[in-house]
Number of protein chains: 2
Amino acid sequence: MMGNDELVSCCVKRPRERIIEMAQLLFRKHGIRGVGVDAIAEEAGTNKMTLYRHFGSKDELIAECLRETARTADPFWRDLEQNFPGDPLAQLHEWVRAVASYASMEAGGCDLVTAAFELPEPDHPARQVVEAFKHEQRQKLVGLCRKAGIEEAEKLADTLGLLLEGARVNRRSVGPDGPSARFVALAEAVIASFSAASGKVGEERQVEGA
Amino acid sequence: MMGNDELVSCCVKRPRERIIEMAQLLFRKHGIRGVGVDAIAEEAGTNKMTLYRHFGSKDELIAECLRETARTADPFWRDLEQNFPGDPLAQLHEWVRAVASYASMEAGGCDLVTAAFELPEPDHPARQVVEAFKHEQRQKLVGLCRKAGIEEAEKLADTLGLLLEGARVNRRSVGPDGPSARFVALAEAVIASFSAASGKVGEERQVEGA
DNA sequence: CGCCCATGTTACCGATCTGTAACGTCCGGA
DNA sequence: TCCGGACGTTACAGATCGGTAACATGGGCG
(Lines give C-alpha, C1' and ligand atoms only; values in the text may rest on other atoms or scores of the structure.)
Protein backbone atom coordinates (compact mmCIF):
# COMPACT_ATOMS: atom_id res chain seq x y z
CA MET A 1 0.00 0.00 0.00
CA MET A 2 0.88 3.61 -0.33
CA GLY A 3 1.78 5.36 2.86
CA ASN A 4 -1.20 7.70 3.01
CA ASP A 5 -4.67 7.83 1.58
CA GLU A 6 -4.54 11.61 1.36
CA LEU A 7 -1.16 12.00 -0.31
CA VAL A 8 -1.82 9.92 -3.36
CA SER A 9 1.40 9.65 -5.28
CA CYS A 10 -0.04 7.25 -7.79
CA CYS A 11 -0.66 8.65 -11.26
CA VAL A 12 -4.12 7.16 -11.72
CA LYS A 13 -6.83 7.69 -9.17
CA ARG A 14 -7.72 5.03 -6.68
CA PRO A 15 -10.88 2.98 -7.16
CA ARG A 16 -12.75 4.88 -4.45
CA GLU A 17 -12.40 8.23 -6.23
CA ARG A 18 -13.17 6.73 -9.61
CA ILE A 19 -16.30 5.13 -8.21
CA ILE A 20 -17.56 8.39 -6.72
CA GLU A 21 -16.90 10.38 -9.88
CA MET A 22 -18.52 7.81 -12.12
CA ALA A 23 -21.46 7.40 -9.76
CA GLN A 24 -22.08 11.14 -9.83
CA LEU A 25 -21.95 11.09 -13.60
CA LEU A 26 -24.27 8.12 -14.01
CA PHE A 27 -26.69 9.37 -11.37
CA ARG A 28 -27.05 12.59 -13.35
CA LYS A 29 -27.52 10.77 -16.61
CA HIS A 30 -29.93 8.00 -15.64
CA GLY A 31 -31.22 9.02 -12.24
CA ILE A 32 -30.09 7.58 -8.95
CA ARG A 33 -32.52 4.72 -9.01
CA GLY A 34 -31.93 4.19 -12.70
CA VAL A 35 -28.39 2.90 -12.34
CA GLY A 36 -27.21 -0.15 -10.47
CA VAL A 37 -24.08 -0.60 -8.42
CA ASP A 38 -22.81 -3.14 -10.90
CA ALA A 39 -22.92 -0.63 -13.74
CA ILE A 40 -21.22 2.01 -11.60
CA ALA A 41 -18.38 -0.31 -10.67
CA GLU A 42 -17.88 -1.51 -14.21
CA GLU A 43 -17.90 2.01 -15.67
CA ALA A 44 -15.41 3.03 -13.00
CA GLY A 45 -13.08 0.32 -14.19
CA THR A 46 -13.45 -1.84 -11.13
CA ASN A 47 -15.95 -4.32 -9.76
CA LYS A 48 -18.84 -4.54 -7.37
CA MET A 49 -16.90 -6.12 -4.51
CA THR A 50 -14.42 -3.28 -4.36
CA LEU A 51 -17.32 -0.85 -4.38
CA TYR A 52 -18.92 -2.59 -1.42
CA ARG A 53 -15.62 -2.68 0.44
CA HIS A 54 -15.41 1.11 0.25
CA PHE A 55 -19.10 1.91 0.67
CA GLY A 56 -21.18 -0.32 2.85
CA SER A 57 -24.26 0.07 0.70
CA LYS A 58 -25.62 1.92 -2.29
CA ASP A 59 -27.29 4.42 0.02
CA GLU A 60 -23.96 5.24 1.65
CA LEU A 61 -22.40 5.69 -1.77
CA ILE A 62 -25.18 8.08 -2.69
CA ALA A 63 -24.66 10.09 0.49
CA GLU A 64 -20.92 10.22 -0.10
CA CYS A 65 -21.46 11.45 -3.67
CA LEU A 66 -23.68 14.22 -2.36
CA ARG A 67 -21.13 15.19 0.29
CA GLU A 68 -18.51 15.37 -2.42
CA THR A 69 -20.78 17.54 -4.57
CA ALA A 70 -21.51 19.78 -1.60
CA ARG A 71 -17.80 20.24 -0.99
CA THR A 72 -17.37 21.85 -4.40
CA ALA A 73 -19.18 24.90 -3.07
CA ASP A 74 -16.43 25.70 -0.58
CA PRO A 75 -13.79 26.95 -3.05
CA PHE A 76 -16.60 28.81 -4.78
CA TRP A 77 -17.24 30.99 -1.73
CA ARG A 78 -13.50 31.29 -1.08
CA ASP A 79 -12.89 32.65 -4.58
CA LEU A 80 -15.73 35.09 -4.09
CA GLU A 81 -14.06 36.61 -1.05
CA GLN A 82 -10.64 36.43 -2.66
CA ASN A 83 -11.53 38.13 -5.94
CA PHE A 84 -13.56 40.95 -4.44
CA PRO A 85 -12.11 41.46 -0.98
CA GLY A 86 -14.06 43.90 1.16
CA ASP A 87 -16.63 44.55 -1.57
CA PRO A 88 -19.68 42.49 -0.62
CA LEU A 89 -21.91 44.12 -3.23
CA ALA A 90 -19.51 43.11 -5.97
CA GLN A 91 -19.39 39.65 -4.44
CA LEU A 92 -23.16 39.48 -4.63
CA HIS A 93 -23.16 40.37 -8.30
CA GLU A 94 -20.37 37.88 -8.90
CA TRP A 95 -22.39 35.28 -7.01
CA VAL A 96 -25.18 35.70 -9.54
CA ARG A 97 -22.83 35.38 -12.46
CA ALA A 98 -20.96 32.42 -11.01
CA VAL A 99 -23.95 30.32 -9.99
CA ALA A 100 -25.52 30.99 -13.38
CA SER A 101 -22.36 29.80 -15.08
CA TYR A 102 -22.27 26.76 -12.81
CA ALA A 103 -25.94 25.97 -13.36
CA SER A 104 -25.54 26.08 -17.12
CA MET A 105 -22.95 23.32 -17.10
CA GLU A 106 -24.05 19.80 -17.81
CA ALA A 107 -23.76 18.97 -14.15
CA GLY A 108 -26.34 21.61 -13.46
CA GLY A 109 -25.44 21.66 -9.80
CA CYS A 110 -28.67 20.08 -8.78
CA ASP A 111 -27.46 16.68 -7.67
CA LEU A 112 -28.78 17.35 -4.21
CA VAL A 113 -32.20 18.41 -5.44
CA THR A 114 -32.38 15.34 -7.63
CA ALA A 115 -31.59 13.18 -4.64
CA ALA A 116 -34.27 14.90 -2.59
CA PHE A 117 -36.79 14.06 -5.27
CA GLU A 118 -35.70 10.53 -5.93
CA LEU A 119 -35.29 9.51 -2.30
CA PRO A 120 -38.40 10.67 -0.49
CA GLU A 121 -37.78 8.51 2.59
CA PRO A 122 -37.42 11.06 5.41
CA ASP A 123 -34.65 9.13 7.16
CA HIS A 124 -32.52 8.45 4.14
CA PRO A 125 -28.91 9.48 4.83
CA ALA A 126 -28.90 11.59 1.69
CA ARG A 127 -31.63 13.87 3.00
CA GLN A 128 -29.52 15.07 5.91
CA VAL A 129 -26.77 16.06 3.51
CA VAL A 130 -29.26 17.96 1.36
CA GLU A 131 -30.88 19.83 4.21
CA ALA A 132 -27.58 20.76 5.81
CA PHE A 133 -26.21 22.03 2.51
CA LYS A 134 -29.27 24.07 1.62
CA HIS A 135 -29.32 25.66 5.08
CA GLU A 136 -25.62 26.44 4.93
CA GLN A 137 -25.83 28.04 1.49
CA ARG A 138 -28.79 30.14 2.56
CA GLN A 139 -26.92 31.37 5.63
CA LYS A 140 -23.93 32.38 3.54
CA LEU A 141 -26.08 34.22 1.02
CA VAL A 142 -27.99 36.02 3.75
CA GLY A 143 -24.71 37.10 5.28
CA LEU A 144 -23.49 38.36 1.93
CA CYS A 145 -26.66 40.37 1.37
CA ARG A 146 -26.44 41.81 4.84
CA LYS A 147 -22.82 42.85 4.41
CA ALA A 148 -23.78 44.36 1.07
CA GLY A 149 -25.99 46.78 2.92
CA ILE A 150 -29.30 45.31 1.79
CA GLU A 151 -31.97 46.24 4.28
CA GLU A 152 -34.15 43.18 3.84
CA ALA A 153 -31.22 40.83 3.52
CA GLU A 154 -33.09 37.61 4.28
CA LYS A 155 -35.84 38.49 1.87
CA LEU A 156 -33.41 39.15 -0.95
CA ALA A 157 -31.40 36.05 -0.16
CA ASP A 158 -34.49 33.86 -0.20
CA THR A 159 -35.68 35.43 -3.41
CA LEU A 160 -32.36 34.82 -5.09
CA GLY A 161 -32.12 31.33 -3.65
CA LEU A 162 -35.54 30.29 -4.88
CA LEU A 163 -34.88 31.97 -8.21
CA LEU A 164 -31.70 29.95 -8.60
CA GLU A 165 -33.33 26.72 -7.56
CA GLY A 166 -36.17 27.39 -9.96
CA ALA A 167 -33.75 28.10 -12.78
CA ARG A 168 -31.88 24.86 -12.16
CA VAL A 169 -35.05 22.84 -12.07
CA ASN A 170 -36.60 24.57 -15.05
CA ARG A 171 -33.49 23.79 -17.01
CA ARG A 172 -33.89 20.12 -16.23
CA SER A 173 -37.57 20.24 -17.14
CA VAL A 174 -37.72 22.19 -20.37
CA GLY A 175 -34.10 22.40 -21.39
CA PRO A 176 -31.47 25.13 -21.43
CA ASP A 177 -33.41 27.52 -23.68
CA GLY A 178 -36.27 28.17 -21.29
CA PRO A 179 -36.62 30.91 -18.70
CA SER A 180 -33.58 29.61 -16.88
CA ALA A 181 -31.41 31.16 -19.58
CA ARG A 182 -32.45 34.58 -18.31
CA PHE A 183 -31.53 33.94 -14.70
CA VAL A 184 -28.79 36.58 -14.57
CA ALA A 185 -31.04 39.34 -15.86
CA LEU A 186 -33.86 38.34 -13.53
CA ALA A 187 -31.61 38.13 -10.49
CA GLU A 188 -29.99 41.46 -11.27
CA ALA A 189 -33.39 43.10 -11.55
CA VAL A 190 -34.34 41.71 -8.17
CA ILE A 191 -31.11 42.92 -6.61
CA ALA A 192 -31.62 46.34 -8.14
CA SER A 193 -35.10 46.64 -6.69
CA PHE A 194 -33.87 45.62 -3.25
CA SER A 195 -30.91 47.99 -3.51
CA ALA A 196 -33.24 50.84 -4.47
CA ALA A 197 -35.46 49.99 -1.52
CA SER A 198 -32.41 50.27 0.70
CA GLY A 199 -31.81 53.79 -0.56
CA LYS A 200 -28.42 52.72 -1.82
CA VAL A 201 -28.88 52.72 -5.56
CA GLY A 202 -25.23 51.95 -6.08
CA GLU A 203 -23.48 51.83 -9.42
CA GLU A 204 -26.64 50.82 -11.30
CA ARG A 205 -24.84 47.85 -12.65
CA GLN A 206 -26.88 46.53 -15.53
CA VAL A 207 -25.81 43.07 -16.57
CA GLU A 208 -28.01 41.81 -19.33
CA GLY A 209 -27.61 38.05 -19.56
CA ALA A 210 -30.02 37.22 -22.35
CA MET B 1 -71.39 -2.69 -19.34
CA MET B 2 -72.33 0.88 -18.78
CA GLY B 3 -73.34 2.78 -21.84
CA ASN B 4 -70.66 5.44 -21.78
CA ASP B 5 -67.24 5.85 -20.30
CA GLU B 6 -67.78 9.55 -19.79
CA LEU B 7 -71.17 9.43 -18.09
CA VAL B 8 -70.31 7.19 -15.19
CA SER B 9 -73.49 6.45 -13.34
CA CYS B 10 -71.85 3.99 -11.01
CA CYS B 11 -71.40 5.14 -7.41
CA VAL B 12 -67.80 3.93 -7.03
CA LYS B 13 -65.14 4.93 -9.47
CA ARG B 14 -64.00 2.60 -12.16
CA PRO B 15 -60.66 0.81 -11.86
CA ARG B 16 -58.99 3.10 -14.38
CA GLU B 17 -59.63 6.21 -12.31
CA ARG B 18 -58.72 4.51 -9.07
CA ILE B 19 -55.46 3.33 -10.58
CA ILE B 20 -54.52 6.80 -11.76
CA GLU B 21 -55.36 8.44 -8.46
CA MET B 22 -53.50 5.83 -6.44
CA ALA B 23 -50.54 5.93 -8.81
CA GLN B 24 -50.27 9.69 -8.40
CA LEU B 25 -50.38 9.28 -4.65
CA LEU B 26 -47.80 6.52 -4.49
CA PHE B 27 -45.51 8.23 -6.99
CA ARG B 28 -45.46 11.26 -4.73
CA LYS B 29 -44.82 9.21 -1.62
CA HIS B 30 -42.16 6.79 -2.84
CA GLY B 31 -40.97 8.22 -6.10
CA ILE B 32 -41.95 7.01 -9.53
CA ARG B 33 -39.26 4.38 -9.72
CA GLY B 34 -39.82 3.46 -6.10
CA VAL B 35 -43.20 1.88 -6.60
CA GLY B 36 -44.10 -1.08 -8.77
CA VAL B 37 -47.19 -1.60 -10.86
CA ASP B 38 -48.20 -4.49 -8.65
CA ALA B 39 -48.34 -2.26 -5.57
CA ILE B 40 -50.28 0.39 -7.47
CA ALA B 41 -52.89 -2.08 -8.63
CA GLU B 42 -53.27 -3.65 -5.21
CA GLU B 43 -53.58 -0.30 -3.43
CA ALA B 44 -56.15 0.73 -6.01
CA GLY B 45 -58.21 -2.30 -5.08
CA THR B 46 -57.62 -4.11 -8.33
CA ASN B 47 -54.91 -6.21 -9.89
CA LYS B 48 -52.02 -5.94 -12.26
CA MET B 49 -53.79 -7.45 -15.26
CA THR B 50 -56.53 -4.84 -15.19
CA LEU B 51 -53.87 -2.16 -14.94
CA TYR B 52 -52.12 -3.46 -18.03
CA ARG B 53 -55.40 -3.71 -19.90
CA HIS B 54 -55.96 0.02 -19.36
CA PHE B 55 -52.37 1.21 -19.71
CA GLY B 56 -50.08 -0.59 -22.08
CA SER B 57 -47.06 -0.10 -19.89
CA LYS B 58 -45.90 1.60 -16.73
CA ASP B 59 -44.47 4.44 -18.79
CA GLU B 60 -47.86 5.08 -20.36
CA LEU B 61 -49.45 5.04 -16.93
CA ILE B 62 -46.91 7.61 -15.77
CA ALA B 63 -47.63 9.84 -18.75
CA GLU B 64 -51.36 9.55 -18.18
CA CYS B 65 -50.95 10.50 -14.52
CA LEU B 66 -49.00 13.58 -15.56
CA ARG B 67 -51.64 14.53 -18.12
CA GLU B 68 -54.27 14.19 -15.43
CA THR B 69 -52.22 16.38 -13.10
CA ALA B 70 -51.71 18.94 -15.84
CA ARG B 71 -55.46 19.06 -16.44
CA THR B 72 -56.04 20.31 -12.88
CA ALA B 73 -54.53 23.63 -13.94
CA ASP B 74 -57.39 24.39 -16.35
CA PRO B 75 -60.13 25.12 -13.80
CA PHE B 76 -57.53 27.10 -11.87
CA TRP B 77 -57.12 29.58 -14.72
CA ARG B 78 -60.86 29.58 -15.35
CA ASP B 79 -61.59 30.53 -11.74
CA LEU B 80 -59.02 33.29 -11.99
CA GLU B 81 -60.84 34.89 -14.89
CA GLN B 82 -64.22 34.22 -13.34
CA ASN B 83 -63.49 35.69 -9.90
CA PHE B 84 -61.75 38.85 -11.12
CA PRO B 85 -63.25 39.52 -14.53
CA GLY B 86 -61.58 42.32 -16.40
CA ASP B 87 -59.07 42.97 -13.62
CA PRO B 88 -55.84 41.33 -14.73
CA LEU B 89 -53.77 42.91 -11.97
CA ALA B 90 -56.05 41.42 -9.34
CA GLN B 91 -55.83 38.12 -11.20
CA LEU B 92 -52.06 38.31 -11.01
CA HIS B 93 -52.15 38.83 -7.26
CA GLU B 94 -54.67 36.05 -6.92
CA TRP B 95 -52.40 33.86 -9.02
CA VAL B 96 -49.65 34.33 -6.46
CA ARG B 97 -51.95 33.49 -3.59
CA ALA B 98 -53.51 30.50 -5.32
CA VAL B 99 -50.32 28.82 -6.49
CA ALA B 100 -48.83 29.33 -3.05
CA SER B 101 -51.84 27.68 -1.49
CA TYR B 102 -51.63 24.87 -4.01
CA ALA B 103 -47.91 24.42 -3.52
CA SER B 104 -48.31 24.15 0.24
CA MET B 105 -50.59 21.16 -0.05
CA GLU B 106 -49.15 17.70 0.36
CA ALA B 107 -49.37 17.19 -3.37
CA GLY B 108 -47.09 20.15 -3.82
CA GLY B 109 -47.98 20.42 -7.44
CA CYS B 110 -44.61 19.27 -8.62
CA ASP B 111 -45.47 15.90 -10.02
CA LEU B 112 -44.23 17.01 -13.40
CA VAL B 113 -40.94 18.26 -12.06
CA THR B 114 -40.46 15.05 -10.14
CA ALA B 115 -41.03 13.11 -13.32
CA ALA B 116 -38.53 15.24 -15.20
CA PHE B 117 -35.92 14.42 -12.57
CA GLU B 118 -36.68 10.75 -12.24
CA LEU B 119 -37.00 10.02 -15.95
CA PRO B 120 -34.02 11.66 -17.64
CA GLU B 121 -34.42 9.72 -20.90
CA PRO B 122 -35.05 12.48 -23.47
CA ASP B 123 -37.61 10.46 -25.42
CA HIS B 124 -39.67 9.29 -22.49
CA PRO B 125 -43.38 10.04 -23.10
CA ALA B 126 -43.56 11.85 -19.77
CA ARG B 127 -41.09 14.49 -20.87
CA GLN B 128 -43.31 15.73 -23.68
CA VAL B 129 -46.12 16.23 -21.20
CA VAL B 130 -43.84 18.16 -18.88
CA GLU B 131 -42.42 20.43 -21.56
CA ALA B 132 -45.80 21.17 -23.07
CA PHE B 133 -47.29 21.97 -19.69
CA LYS B 134 -44.46 24.24 -18.61
CA HIS B 135 -44.56 26.12 -21.87
CA GLU B 136 -48.32 26.53 -21.71
CA GLN B 137 -48.26 27.82 -18.14
CA ARG B 138 -45.55 30.29 -19.01
CA GLN B 139 -47.53 31.61 -21.96
CA LYS B 140 -50.61 32.11 -19.80
CA LEU B 141 -48.65 33.91 -17.12
CA VAL B 142 -46.94 36.13 -19.66
CA GLY B 143 -50.33 37.03 -21.09
CA LEU B 144 -51.64 37.85 -17.65
CA CYS B 145 -48.70 40.10 -16.87
CA ARG B 146 -49.07 41.82 -20.21
CA LYS B 147 -52.77 42.44 -19.71
CA ALA B 148 -51.97 43.73 -16.22
CA GLY B 149 -50.01 46.52 -17.84
CA ILE B 150 -46.58 45.30 -16.83
CA GLU B 151 -44.02 46.72 -19.19
CA GLU B 152 -41.52 43.86 -19.02
CA ALA B 153 -44.20 41.20 -18.94
CA GLU B 154 -42.01 38.29 -19.98
CA LYS B 155 -39.36 39.22 -17.49
CA LEU B 156 -41.83 39.35 -14.63
CA ALA B 157 -43.52 36.15 -15.72
CA ASP B 158 -40.23 34.29 -15.87
CA THR B 159 -39.19 35.66 -12.51
CA LEU B 160 -42.44 34.58 -10.92
CA GLY B 161 -42.33 31.24 -12.67
CA LEU B 162 -38.82 30.44 -11.54
CA LEU B 163 -39.64 31.71 -8.07
CA LEU B 164 -42.59 29.36 -7.87
CA GLU B 165 -40.65 26.44 -9.20
CA GLY B 166 -37.88 27.15 -6.73
CA ALA B 167 -40.36 27.35 -3.88
CA ARG B 168 -41.89 24.02 -4.79
CA VAL B 169 -38.53 22.34 -5.05
CA ASN B 170 -37.15 23.93 -1.92
CA ARG B 171 -40.15 22.67 -0.04
CA ARG B 172 -39.39 19.16 -1.15
CA SER B 173 -35.73 19.55 -0.23
CA VAL B 174 -35.77 21.21 3.19
CA GLY B 175 -39.39 20.96 4.19
CA PRO B 176 -42.30 23.40 4.46
CA ASP B 177 -40.60 25.77 6.93
CA GLY B 178 -37.82 26.89 4.62
CA PRO B 179 -37.75 29.89 2.29
CA SER B 180 -40.65 28.43 0.34
CA ALA B 181 -42.99 29.52 3.17
CA ARG B 182 -42.28 33.13 2.23
CA PHE B 183 -43.14 32.72 -1.44
CA VAL B 184 -46.14 35.07 -1.34
CA ALA B 185 -44.18 37.91 0.22
CA LEU B 186 -41.27 37.45 -2.18
CA ALA B 187 -43.50 37.28 -5.23
CA GLU B 188 -45.46 40.34 -4.15
CA ALA B 189 -42.24 42.27 -3.70
CA VAL B 190 -41.15 41.32 -7.19
CA ILE B 191 -44.50 42.34 -8.65
CA ALA B 192 -44.35 45.64 -6.81
CA SER B 193 -40.93 46.42 -8.19
CA PHE B 194 -42.05 45.61 -11.73
CA SER B 195 -45.23 47.62 -11.28
CA ALA B 196 -43.22 50.58 -10.03
CA ALA B 197 -40.92 50.27 -13.01
CA SER B 198 -43.99 50.44 -15.23
CA GLY B 199 -44.96 53.71 -13.61
CA LYS B 200 -48.20 52.20 -12.50
CA VAL B 201 -47.72 51.81 -8.78
CA GLY B 202 -51.29 50.68 -8.36
CA GLU B 203 -53.05 50.06 -5.10
CA GLU B 204 -49.83 49.21 -3.29
CA ARG B 205 -51.35 45.93 -2.25
CA GLN B 206 -49.19 44.52 0.48
CA VAL B 207 -49.86 40.87 1.19
CA GLU B 208 -47.51 39.61 3.86
CA GLY B 209 -47.49 35.84 3.66
CA ALA B 210 -45.00 34.99 6.37
C1' DC C 1 12.13 -13.18 0.53
C1' DG C 2 7.64 -13.51 2.51
C1' DC C 3 3.79 -11.34 4.55
C1' DC C 4 -0.21 -8.43 4.18
C1' DC C 5 -3.75 -6.10 2.28
C1' DA C 6 -6.19 -3.87 -1.45
C1' DT C 7 -8.08 -5.36 -5.37
C1' DG C 8 -10.01 -8.53 -9.09
C1' DT C 9 -12.97 -12.55 -10.37
C1' DT C 10 -16.67 -15.66 -10.28
C1' DA C 11 -20.59 -17.45 -8.62
C1' DC C 12 -24.47 -17.11 -6.14
C1' DC C 13 -28.75 -15.71 -3.12
C1' DG C 14 -33.21 -13.85 -2.50
C1' DA C 15 -36.09 -10.27 -3.63
C1' DT C 16 -38.37 -7.42 -6.83
C1' DC C 17 -39.52 -5.69 -11.17
C1' DT C 18 -42.19 -5.32 -15.80
C1' DG C 19 -45.00 -7.78 -18.61
C1' DT C 20 -47.72 -11.96 -20.29
C1' DA C 21 -50.71 -16.24 -20.56
C1' DA C 22 -54.61 -18.80 -19.35
C1' DC C 23 -58.73 -19.23 -17.19
C1' DG C 24 -62.64 -18.16 -14.11
C1' DT C 25 -66.41 -14.79 -12.85
C1' DC C 26 -69.90 -11.53 -13.09
C1' DC C 27 -73.00 -8.19 -14.82
C1' DG C 28 -75.40 -5.22 -18.21
C1' DG C 29 -77.71 -4.94 -22.48
C1' DA C 30 -79.97 -7.01 -26.46
C1' DT D 1 -82.05 -15.77 -21.32
C1' DC D 2 -77.79 -15.58 -23.40
C1' DC D 3 -73.72 -13.37 -24.98
C1' DG D 4 -69.79 -10.31 -24.72
C1' DG D 5 -66.73 -7.71 -22.52
C1' DA D 6 -64.74 -5.92 -18.35
C1' DC D 7 -62.74 -7.60 -14.39
C1' DG D 8 -60.39 -10.92 -11.00
C1' DT D 9 -57.01 -14.70 -9.93
C1' DT D 10 -53.10 -17.44 -10.36
C1' DA D 11 -49.02 -18.62 -12.25
C1' DC D 12 -45.11 -17.72 -14.64
C1' DA D 13 -41.21 -15.81 -17.61
C1' DG D 14 -37.13 -13.07 -17.99
C1' DA D 15 -34.46 -9.65 -16.34
C1' DT D 16 -32.27 -6.83 -12.89
C1' DC D 17 -31.43 -5.47 -8.50
C1' DG D 18 -28.64 -5.07 -3.90
C1' DG D 19 -25.60 -7.63 -1.35
C1' DT D 20 -22.42 -11.65 0.05
C1' DA D 21 -19.08 -15.66 0.01
C1' DA D 22 -14.94 -17.73 -1.49
C1' DC D 23 -10.87 -17.52 -3.69
C1' DA D 24 -7.10 -15.81 -6.79
C1' DT D 25 -3.67 -12.12 -7.61
C1' DG D 26 -0.31 -8.76 -7.32
C1' DG D 27 2.46 -5.23 -5.53
C1' DG D 28 4.50 -2.52 -1.62
C1' DC D 29 7.00 -2.88 2.68
C1' DG D 30 9.13 -5.20 6.62
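Heavy atoms only: backbone and side chains are in, while hydrogens, waters and symmetry mates are out. This is a predicted model, so every value here is computed, not measured. Note on naming: letters A, B, ... go to the chains in the order of the sequence lines (proteins, then strands), and numbering restarts at 1 for each one.
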Problem - Residue whose nearest DNA chain D nucleotide is more 5′ - Gly56(A) or Pro15(B) - result: Pro15(B)

Handout entry: Between dC12(C) (C1') and Asp38(A) (CG): distance, integer Å
Key = 13 Å

Exercise for the section: Select one nucleotide: of dT10(C), dG19(D), dA22(C), the one nearest the side-chain heavy atoms of Met49(A). Expected result: dT10(C)

Handout entry: Presence of donor-acceptor pair under 3.5 Å, side chain of Arg53(B) and base of dG8(D)
Key = yes

Handout entry: Phosphate-side-chain proximity, His54(A) and dT7(C), N/O vs OP1/OP2 below 4.0 Å
Key = yes

Handout entry: Length of the CG-C1' vector between Leu51(A) and dA6(C), whole Å
Key = 14 Å

Practice task
Examine dT7(C): is either OP1 or OP2 under 4.0 Å from a nitrogen or oxygen in the side chain of Arg14(A)? Give yes or no.
Solution key: yes

Fill in the blank from the handout: Ranking dG8(D), dG8(C), dT20(C) by distance to the side chain of Arg18(A), first place goes to dG8(C)

Exercise for the section: Could you tell me the separation between the CD1 atom of Ile19(B) and the P atom of dG8(D), rounded to a whole number of Å? Expected result: 8 Å

Practice task
Could you check how far NZ of Lys48(B) sits from C1' of dC17(C), rounded to whole Å?
Solution key: 8 Å

Exercise for the section: Check whether any side-chain nitrogen or oxygen of Ser57(A) sits under 4.0 Å from OP1 or OP2 of dG18(D), and answer yes or no. Expected result: no

Practice task
For Glu81(A) and Gln91(A), test the side chains for any donor-to-acceptor distance below 3.5 angstrom and give the result as yes or no.
Solution key: yes

Problem - Electrostatic pair Arg71(A):Glu64(A) at N-O distance under 4.0 angstrom - result: yes

Fill in the blank from the handout: Rounded to whole Å, CG of Asp59(B) lies from P of dC17(C) at a distance of 15 Å

Exercise for the section: May I have the distance from Ile40(A) (atom CD1) to dT16(D) (atom P), rounded to whole angstrom? Expected result: 16 Å

Problem - Spacing of Glu42(A) atom CD relative to dT7(C) atom C1', expressed in whole Å - result: 16 Å

Problem - With Thr46(A), the side-chain contact (heavy atoms from CB on, under 4.5 Å) member among Arg14(A), Arg16(A), Arg18(A) - result: Arg18(A)

Exercise for the section: Take the protein atom OH of Tyr52(B) and the nucleotide atom C1' of dT10(D), then report the distance between them rounded to whole Å. Expected result: 17 Å

Handout entry: Ion pair Arg97(A)/Glu94(A), N-O distance below 4.0 Å
Key = yes

Handout entry: Phosphate-side-chain proximity, Thr50(B) and dC7(D), N/O vs OP1/OP2 below 4.0 Å
Key = no

Exercise for the section: Could you tell me whether the side chain of Lys58(A) has a donor or acceptor atom within less than 3.5 Å of a complementary atom in the base of dG19(D)? Expected result: no

Exercise for the section: Please determine if a side-chain N or O atom of Thr46(B) lies less than 4.0 Å away from the OP1 or OP2 oxygen of dC7(D). Expected result: no

Handout entry: Aromatic plane relationship, Trp95(B) with Trp77(B) - under 30° parallel, 30 to 60° tilted, over 60° perpendicular
Key = tilted

